[in-house]
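So that the names make sense, note that chain A is the first sequence line, chain B the second, and so on, each numbered from 1.
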Protein chains: 8
Amino acid sequence: MTVGILMGSDSDWPTMKAAAEVCVEFGVPFEADVLSAHRMAVEMIDYGKAAHERGLKVLIAGAGGAAHLPGMLASVTPLPVIGVPVPLKYLDGMDSLLSIVQMPAGVPVATVSIGNARNAGLLAVRILAAFDEQLLTKMTAFQENLAEVARAKGSTVRDGAAELRKS
Amino acid sequence: MTVGILMGSDSDWPTMKAAAEVCVEFGVPFEADVLSAHRMAVEMIDYGKAAHERGLKVLIAGAGGAAHLPGMLASVTPLPVIGVPVPLKYLDGMDSLLSIVQMPAGVPVATVSIGNARNAGLLAVRILAAFDEQLLTKMTAFQENLAEVARAKGSTVRDGAAELRKS
Amino acid sequence: MTVGILMGSDSDWPTMKAAAEVCVEFGVPFEADVLSAHRMAVEMIDYGKAAHERGLKVLIAGAGGAAHLPGMLASVTPLPVIGVPVPLKYLDGMDSLLSIVQMPAGVPVATVSIGNARNAGLLAVRILAAFDEQLLTKMTAFQENLAEVARAKGSTVRDGAAELRKS
Amino acid sequence: MTVGILMGSDSDWPTMKAAAEVCVEFGVPFEADVLSAHRMAVEMIDYGKAAHERGLKVLIAGAGGAAHLPGMLASVTPLPVIGVPVPLKYLDGMDSLLSIVQMPAGVPVATVSIGNARNAGLLAVRILAAFDEQLLTKMTAFQENLAEVARAKGSTVRDGAAELRKS
Amino acid sequence: MTVGILMGSDSDWPTMKAAAEVCVEFGVPFEADVLSAHRMAVEMIDYGKAAHERGLKVLIAGAGGAAHLPGMLASVTPLPVIGVPVPLKYLDGMDSLLSIVQMPAGVPVATVSIGNARNAGLLAVRILAAFDEQLLTKMTAFQENLAEVARAKGSTVRDGAAELRKS
Amino acid sequence: MTVGILMGSDSDWPTMKAAAEVCVEFGVPFEADVLSAHRMAVEMIDYGKAAHERGLKVLIAGAGGAAHLPGMLASVTPLPVIGVPVPLKYLDGMDSLLSIVQMPAGVPVATVSIGNARNAGLLAVRILAAFDEQLLTKMTAFQENLAEVARAKGSTVRDGAAELRKS
Amino acid sequence: MTVGILMGSDSDWPTMKAAAEVCVEFGVPFEADVLSAHRMAVEMIDYGKAAHERGLKVLIAGAGGAAHLPGMLASVTPLPVIGVPVPLKYLDGMDSLLSIVQMPAGVPVATVSIGNARNAGLLAVRILAAFDEQLLTKMTAFQENLAEVARAKGSTVRDGAAELRKS
Amino acid sequence: MTVGILMGSDSDWPTMKAAAEVCVEFGVPFEADVLSAHRMAVEMIDYGKAAHERGLKVLIAGAGGAAHLPGMLASVTPLPVIGVPVPLKYLDGMDSLLSIVQMPAGVPVATVSIGNARNAGLLAVRILAAFDEQLLTKMTAFQENLAEVARAKGSTVRDGAAELRKS
């Protein structure tokens, strides 16, 4: 496995699944599991410590509220850890964001936008792509495709504008 | 030892010392040490797991930014853990507060006000006092004294007001 | 009674009930009542002053907005007071949180996460457990069970991941 | 006395004094004292309950952090209570503001801007002036004077602008 | 008329009506109207300037977003102005609150909690009651009734607790 | 074309359309298109660089989250750029607002309220009207009409008040 | 005069002067004065109403806290109004920003970054430049110069980096 | 060069230099330069587009306020981009953080804590280390050293505690 996708509970899967889908999209081997900083502290540390020896290159961790999983994993692995702030019922994910991004000097977490596990997946792919010519080409193509899709959406707006002008 | 006071770095000592001073004030045995969630994860977990067996009754943990120490300790000890949000250079401790207080259901942290280690110490004493008649009497006396001091401060204000009236 | 659960209105009961349920779960005697800081100030103070004499060991108080109940109770009892920030219609409980947690030096309130009365109950149990071997064993078992449940949830995620890989 | 100015500690006097100065300015009899919600709960309630019988017409209360004094006073007096959010070391008074202004339906506090005890004094005078022709005339004159002063300040700006144009 | 209730649009009426209902409840004569700071600036100023001459004693103004009505009215009347921060679609009324409460020294607005026009009405009644023995008695009765109602709500909670204990 | 209305995706059109409707209302020629800072960076820069040469006088750009379109356009055009903070699923548009308004010295963006594309359109018209007597007259009439409409809404409120009085 | 620069007090001049300096820099005639929404409401409205008749094309208004000047001016002039959120002692200008930018539909204020009067001046110049070929050329040159200066700053960083490498 | 460190101005160098120092510490070749999104848009895009062809593996970009550099670079390079929110004079870097982290799906930025360029450097090293056994060993040693240093700091706290006990 190349990418490990971790989360505190299966209730995070609907959010975190988007990271896994990116891996599938780019043909990157991944594993996904529940690993709770607050309920499985020892297993979490064991997982983190062993990750690079098992061949993993990047870890993605999603958590909400007092979100400790990404930072705790980063503290025990030398690998890059990507944190996804999962928004809970209150505060719109602002607590999750600050709990993940505001790590002290020495232990970085690569934080992406609130609830945006897709970007966590894409960041993992970029990291791998920096050392994999083929993946780099795929990422470039993916970005070109983003542009195509954006351009295509222009017609909806231009048509809407044309209609307004007639009215 | 009855109370354990933990912090991520010796730079937190000037803030956290106030908790220790309360212990001295109330004659409660305590220990204080550096225990970093992000730099000494395994030791932190070992400390937490063994705390109640060593006779500790309450843990106090101070941390700033993405403040994981109180919550991580709470996840491995059955004892009550009091969290002190230590304010860092930016955000006035709001990140520390949310990282400590917003714990998921199952693992509570008793959070006190930003930078207020004195209150963490007093909360620890209240917890002990609930099961210690003598300490309870001391706490009641302490509170009565707070009132005395507050009352005494009234004269400054009354005098200031009198002066203003004359002007 | 060992634990007193107070709230400003019966509209807080659906939130605060979770604290009572924890007491039932752990076999801890509790009482629950409406006690409004803003509508029953004198009764509130009387309740707080008499609490420890009636054998109560911990008070749990829930309140929203300009949430004064936990802090006012803490000012008249020597017992530990746990505050639950109840979120109102606006501001997602941020006002409730700050009104409860930001107590001045001298009068601590043990604040838990927004809307999380379950954690208030668990914190009360931890406080009692520190002085009750049997309860401590129960709390340790409870925590081990949390881990079991979390581990069990892993299969949902692993299955979801497996399915994605096939697609 | 007509106006009562209360605060939790003499350390609030430098801030709250501005309210007293307004009273002097407008010739309104006032008293000022320390009255701590968290340290003198019973006295606070006694003061609030008796205030209108002693002839007081308006109460002004300043408090910081988990600021309970204005709201608690409002809960025991039928008089209008003006709250001044006193900013503490962290959070710029946002906690004080929310703790004072976000009162539940039934118990209003007339909140003024952060740290602005002068406005609390002026609001008290307006309240009195609504029922005192002479005071109303004074307030109108005061407002006209504000305009005069503002107008006078225009020359500084116009001169500054003229200088810039020449440069 | 004694109390004037103003708002920027009829869409604020469902919120602001609660202030009018309090006036009815306490038998206080009131008027209510649309008066937009941003759309009827001149009329607004004329209304404010004439208010006290027309016998009005208190103005209540509700506004949302960049909420200028309460502050602008306060700048042209010597009467006390009560501001109600009306929450809009975004930001939960935080913008409305700050736009109303953060008035510069010289021009106070008596701000109540977000969306709480009922409290604005009650504050107006308190202001009037300070100079009207009968109204003062009514307000005291109203407050005693608040306590009665709160006490009555206790049985719901006590019954709920009893039921939990049996389960 | 006189006004260019740009947005990062066709999903912004329902929000941004209000700017176009204002243009239609005032008879101002406009164009609207998708132009994504993050997906079409080069085209965006080309569009911005050429805008004034194509006769455009004002650009309106809407964006959400890390909203870079308005600021990036402003960096490559000498024309005034109006930014509309589009609120996304979390944070109520606060991230969009700060990403747009907090531009460094040298490159201003004229920011309007969150989600308020109508105001962006009206601001564009004001800019044009400053140099177009006829448009200025239209804008003055529009403002007078706002007042008319606001005045008309008064009857709803006055009727509602009358009804309350009778009840 | 082409640009009017207004502020509530001469204490805002040190901040607002930067807008005037831009006018000087670009040879744009301007006037600057104190005009207080809260202390000179009638004059403010008179100024706003007459502005376009006096030949002014753009108004710049700076204000802090409950900042009403920009929005009130915008409500009485058909000209574009640029708002500068002036930061006060508390809240870092967040109150000023929200009070200025969150205007209701119908009355836009072109808001620039907190304390950034220089950008207000540059935005005014852009507005004028859209209708003045010569000014447009100047603005383009100004922007090219910004790039030159930025490029020149690169050597400091490159030299710093080189030095680090040697160490 | 392996790592590119970019910033909008040489005034960011004192903050961003910490990232360069990490590169020196770990023997990672790096370049550092000024590259302003708002003043050198075209060069920025050219730099981003060419980065991977020049052999760069990771980009680090620091920016403040409406911080567009990290996100804009990420939009034109397939490489991982690390964003450092540089705090400006107001808002404590909250605007910088949100402008960098809240990127839309498709274009991730790996955001680190406010003002923490050291962590950006360490994250870059982790990314490289995932594909470089030797660097991985260095990172593991670095982390072990962090623990050593933290442990060593414990004596300061333990001594401080001992002293308090004696007093």
Contact list (residues 140-157 of chain E to chain G, heavy-atom gap under 4.5 Å, by number) returns none
Any residues in residues 66-79 of chain G near chain E, with a heavy-atom distance under 4.5 Å, and which are they? G/Ala66, G/Ala67, G/His68, G/Gly71, G/Met72, G/Ser75, G/Val76
Less than 4.5 Å to any heavy atom of chain G: does that hold for the side chain of E/Leu91, its backbone, both, or neither? side chain
Quick check: under 4.5 Å, non-hydrogen atoms only, which of residues 36-51 of chain G neighbour chain E? G/Ala37, G/His38, G/Arg39, G/Ala41, G/Val42, G/Met44, G/Ile45, G/Lys49
Pairs satisfying side-chain hydrogen bond (donor to acceptor under 3.5 Å, both in side chains), at least one member in residues 99-108 of chain E, at least two apart: E/Ser99-G/Ser99, E/Gln102-G/Asp95
